[in-house]
Protein chains: 2
Amino acid sequence: MTAATERLLTPGEVANLFRVDPKTVTRWATAGRIGSIRTPGGHRRFRETEVKALLSELTTEATEPVRH
Amino acid sequence: MTAATERLLTPGEVANLFRVDPKTVTRWATAGRIGSIRTPGGHRRFRETEVKALLSELTTEATEPVRH
DNA sequence: CACGATTGGGGTAATTTGGGTT
DNA sequence: GTTGTCCAAATTACCCCAATCG
């Protein structure tokens, strides 16, 4: 029985990942910067893969070594 | 194409799809927000097609490109 | 300093959750 | 695990507005 779809995250969980207020995550969804899924009750859920992709997409690693 | 046996989902499976508590799914059924089928034993089952349709109806894709 | 965009706080209403019980 | 109900607490939604950032 695999009703497999995709793991979803709550607004609060996404907010913790970005270290932001849940309200801000809601704004991202409203602005179309991130896809969202509404529950029949009106709450939002976010795809984990999309969130993590967004995270790494916006991540920049250091390119220069530290000078001592 | 008439599906002789439509695939049915348990409350727990529907709950996983929406990232919600099984109790909440039951409330949706009671509130008429989602159709349900009763087994002779009194348990609920949900049409997979209806659930998936509901899922895609409530899904919004990201429209704005990510700013780098 | 001014500007636009983003963010977060406040307040209220709705939804969701989890415990305890049958 | 699921049903049904009650109830308290946490989370979220949605509004406006001030503070902050680049």
Side-chain angles (χ1 to χ4, degrees):
Chain A
M1 269 297 186
T2 46
T5 305
E6 186 171 345
R7 286 207 300 170
L8 300 180
L9 301 177
T10 64
E13 289 170 334
V14 178
N16 286 333
L17 289 177
F18 283 94
R19 239 292 207 172
V20 169
D21 195 272
K23 210 178 303 182
T24 299
V25 178
T26 296
R27 263 190 223 108
W28 294 343
T30 302
R33 280 193 254 271
I34 184 175
S36 65
I37 298 173
R38 310 286 293 236
T39 69
H43 285 196
R44 272 180 260 260
R45 299 279 116 103
F46 303 91
R47 298 187 199 86
E48 186 183 39
T49 57
E50 185 180 354
V51 173
K52 298 218 168 160
L54 202 55
L55 264 177
S56 56
E57 192 175 347
L58 299 173
T59 298
T60 302
E61 298 296 340
T63 56
E64 291 291 326
V66 178
R67 309 185 63 83
H68 301 185
Chain B
M1 35 185 171
T2 305
T5 307
E6 164 136 30
R7 186 144 138 86
L8 299 179
L9 302 178
T10 65
E13 288 172 333
V14 177
N16 286 332
L17 291 177
F18 282 95
R19 183 53 153 93
V20 158
D21 196 88
K23 270 188 176 182
T24 301
V25 177
T26 297
R27 293 191 182 105
W28 292 342
T30 302
R33 284 201 259 246
I34 184 174
S36 63
I37 298 174
R38 292 302 199 110
T39 69
H43 286 196
R44 272 183 253 261
R45 297 284 114 100
F46 303 90
R47 297 176 225 268
E48 184 182 40
T49 57
E50 183 182 353
V51 173
K52 296 256 171 113
L54 195 58
L55 211 43
S56 55
E57 277 179 29
L58 300 173
T59 297
T60 303
E61 300 296 338
T63 58
E64 292 292 327
V66 180
R67 293 176 297 107
H68 290 181

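In what follows, chains are A, B, ... by sequence order, proteins preceding strands, each numbered from 1. The model shown is predicted, which means the values in this text are computed figures rather than measured ones.
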If every non-hydrogen atom of [X] is compared with every non-hydrogen atom of [Y], which pair is closest and at what distance?
{"X": "B/A53", "Y": "B/S56", "answer": "O-OG, 3.0 Å"}
{"X": "A/R44", "Y": "A/A29", "answer": "CD-CB, 3.8 Å"}
{"X": "A/V51", "Y": "A/I34", "answer": "CG2-CD1, 3.9 Å"}

Any pair counted as ring pair (Phe, Tyr, Trp, His ring centres under 6.0 Å), so long as it reaches residues 40-62 of chain B, sequence neighbours left out: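 Sorted result for residues 40-62 of chain B: empty, none.
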
Test side-chain contact (heavy atoms from CB on, under 4.5 Å) applied to A/L55 - qualifying residues, sequence neighbours left out: A/L17, A/F18

With B/R19 via side-chain contact (heavy atoms from CB on, under 4.5 Å) - residues at least two apart: A/L8, A/T10, A/E13, A/R45

Between the protein and nucleotides 19-22 of chain D, list the N/O to N/O atom pairs that are separated by less than 3.5 angstrom.
none

Of all pairs that satisfy salt bridge (charged side-chain N to carboxylate O under 4.0 Å, His left out), the ones with a partner from residues 53-65 of chain B, not counting sequence neighbours: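 Residue pairs with at least one partner in residues 53-65 of chain B: A/R47-B/E61.
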
Those residues that, when tested against B/T59, pass side chain to side chain donor-acceptor pair (under 3.5 Å) (two or more places apart):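 Scan of B/T59 (side chain to side chain donor-acceptor pair (under 3.5 Å), adjacent residues dropped) gives none.
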
Rounding to an integer number of Å, can you tell me how far [X] [atom1] sits from [N] [atom2]?
{"X": "B/L8", "N": "D/dT2", "atom1": "CG", "atom2": "C1'", "value": "16 Å"}
{"X": "B/E64", "N": "C/dA5", "atom1": "CD", "atom2": "P", "value": "12 Å"}
{"X": "B/R38", "N": "D/dT2", "atom1": "CZ", "atom2": "P", "value": "13 Å"}

Letter per nucleotide, 5' to 3', of nucleotides 8-22 of chain C [B base touched, S only sugar-phosphate touched, - untouched; heavy atoms, 4.0 Å]: BBB----BSBBBB--

Degree of bending in the helix from C/dC3-D/dG22 to C/dG19-D/dC6 once both end axes are built from five pairs, to 10°: 40°

Which residues share a salt bridge (charged side-chain N to carboxylate O under 4.0 Å, His left out) with B/R33, sequence neighbours left out: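 B/R33: no salt bridge (charged side-chain N to carboxylate O under 4.0 Å, His left out) contacts found.
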
Can you give the donor-acceptor pairs under 3.5 Å from side chains of residues 20-28 of chain B to other protein atoms, not counting sequence neighbours?
unit_1: B/D21; atom_1: OD2; unit_2: B/K23; atom_2: N; d: 2.9
unit_1: B/T26; atom_1: OG1; unit_2: B/P22; atom_2: O; d: 3.4

D/dT3 phosphate, OP1 or OP2, under 4.0 Å from B/T26 side-chain N/O: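 Indeed, a polar side-chain atom of B/T26 lies that close.
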
